2 protein chains.
Amino acid sequence: MSKGLKTKELILKEAFAKAGEVGLSGLTIGDLSSTLGMSKSGLFAHFQSKENLEVAVLDWTRAKFARTVLGPALKHPRGEPRLRAFFDNWITWIETETIGKGGCLIVGASIEYDDRPGVVRDSLLSLHQELQNSITRMVHACIEEGHFSAEVDPEQFAFELYSLILGFHHFSRMLGDEKSLQRLRQSFETLMKHGKTYEQ
Amino acid sequence: MSKGLKTKELILKEAFAKAGEVGLSGLTIGDLSSTLGMSKSGLFAHFQSKENLEVAVLDWTRAKFARTVLGPALKHPRGEPRLRAFFDNWITWIETETIGKGGCLIVGASIEYDDRPGVVRDSLLSLHQELQNSITRMVHACIEEGHFSAEVDPEQFAFELYSLILGFHHFSRMLGDEKSLQRLRQSFETLMKHGKTYEQ
DNA sequence: TTAATAAAAGCACGAACGTTCGTATTTGTC
DNA sequence: GACAAATACGAACGTTCGTGCTTTTATTAA
């Protein structure tokens with residue numbers, strides 16, 4: 001790996017950490033460069049624009065999420081085991097990478113960019129679509145494997161699961177509710193149970 | 001009402017609308033003043049600081065929410081009718097004041113300020129605590145009136161309800177999912193049904 | 001070791017930010 | 001209608017922002 005790529009990696013790692021605190025658009029090249037002990041223009045040259053830097057941070061985050069959350073879950077058997085592994089990995093991700101570190105970069109960026117068209121929003125949208133697809137596929141597998149009732153709506157399940165994640169983020173970070181994790185887990189179990197014994 | 005207060009009211013109304021798009025900290029005195037056709041310093045004099053302006057916007061929003069969502073719900077009978085009225089009013093609020101208008105100011109501000117101590121965060125925290133208390137009380141009333149099982153945990157219910165609101169906000173604004181409202185309503189019904197026939 | 005290339009630095013720019021200050025104008029009261 | 005108080009204005013301040021140049025230093029391949 002060339003010197004340039006190594007430096008770029010260091011920059012993105014630092015930018016990922018900082019963006020959780022100040023948001024993606026809250027990143028500044030000046031602050032980032034001084035933290036890393038380099039010049040503004042030197043750092044700037046790696047990305048050619050602030051916007052490119054933000055997209056690069058999103059790509060970097062996406063890759064890391066795939067490597068630490070999605071990937072390992074795929075090693076578990078299709079259906080409920082894989083879905084549960086994914087959920088557990090996700091919680092670990094949230095606890096180690098977001099809560100206590102300024103919040104989740106993706107959650108923040110989604111609020112910032114949900115009405116600002118451009119390449120950042122495009123990248124964010126594609127990230128979210130992929131995430132929803134992953135969840136939906138796993139729920140669908142639960143049905144095929146006979147772990148869930150055939151009447152379960154995978155997209156509705158994905159909607160509720162992501163909602164709970166957002167709620168957990170809010171209750172633990174904004175309200176400082178120490179029971180948030182417990183609440184998240186309990187709601188997830190309710191969701192799973194409802195998946196098995198569907199009735200309505 | 002004096003001239004000064006009328007102007008202040010106009011400023012806050014405009015600031016409320018704009019903060020949904022750019023966030024609370026994204027408000028700028030220059031932009032706000034030029035939109036309203038007045039000078040920066042003239043507008044500034046009403047609040048003495050940017051921070052005070054942000055707190056004023058939060059107070060204004062809180063009052064409006066109480067007037068249009070919470071207040072009318074209190075006219076309905078205790079228990080399920082009131083809870084449903086509150087939920088319906090909330091949806092109307094979201095549709096008329098947030099979705100399609102740059103997003104919810106409160107949701108955005110919570111992300112911005114969840115790790116920035118100060119008077120803005122204090123104000124936000126108190127707002128959220130009051131909201132959670134209101135929901136919890138209504139659910140508790142559902143139990144007392146016999147509409148809900150006594151085993152229902154009102155705080156868990158409030159957690160799930162707010163999570164769904166956040167999810168709805170995300171799916172409709174970020175993903176542009178046209179079924180978001182339908183999903184929100186369906187999940188709410190599941191939540192209500194679970195409240196009635198509690199089992200676990 | 002040298003030559004070509006990549007990476008980083010130095011410096012400056014225009015614009016936008018919140019804020020301050022002195023002054024002008026409008027409002028409300030007697 | 002006079003006069004104090006409230007309200008608004010215009011200009012300027014010090015900072016910080018992203019970005020564009022030119023020059024210097026470090027890396028890489030022949």
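Naming: A, B, ... by sequence-line order, numbering from 1 per chain. Nothing here was measured: the structure is a model prediction, and the numbers come from that model.
- Nucleic acid contact for A:Leu53: none, since no nucleic acid atom lies under 4.0 Å from a heavy atom of the residue.
- The nearest heavy atom of DNA chain D to A:Asp31 and to A:Ser41 marks one nucleotide each, and the one closer to the 5' end goes with A:Asp31.
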Summary of protein contacts for nucleotides 22-30 of chain C, nucleotide by nucleotide, where a base hit scores B, a sugar-phosphate-only hit scores S (4.0 Å, heavy atoms): ------S--

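- In this structure, A:Asp115 does not pair ionically with A:Arg121, as no charged nitrogen and carboxylate oxygen lie closer than 4.0 Å.
- Identified under the ring pair (Phe, Tyr, Trp, His ring centres under 6.0 Å) test for residues 43-63 of chain B, with sequence neighbours left out: B:Phe16-B:Trp60.
- Note on A:His46: a side-chain N or O is less than 4.0 Å away from OP1 or OP2 of C:dA8.
- With DNA chain C read from its 5' end, the first of the two nearest nucleotides for B:Glu51 and A:Thr7 is the one closest to A:Thr7.
- Remark: A:Arg185 is not positioned above the aromatic ring of A:Phe188, lacking an NZ or CZ atom under 6.0 angstrom from the ring centre and at most 45 degrees off the axis.
- The shortest side-chain heavy-atom distance between B:His128 and B:Ile106 falls under the 4.5 Å cut-off.
- On the nucleic acid side, DNA chain D has its first and last nucleotide under 4.0 Å of a heavy atom of chain B at D:dT7 to D:dG10, going 5' to 3'.
- Two rings, from B:Phe159 and A:Phe168, have their centers 6.0 Å or more apart.
- With values rounded to the nearest 0.5 angstrom, B:Ser187 atom OG is found 5.0 Å from B:Leu164 atom CG.
- For A:Arg84 and A:Phe87, the positive end is not near the middle of the six-membered ring at less than 6.0 Å and at most 45° from its axis.
- The pair A:Glu189-A:Lys193 does not count as a salt bridge, with every side-chain nitrogen at least 4.0 angstrom from each carboxylate oxygen.
- Residue contacts for A:Leu27: at a heavy-atom cut-off of 4.0 Å it reaches the sugar-phosphate backbone alone, with no base atom in range.
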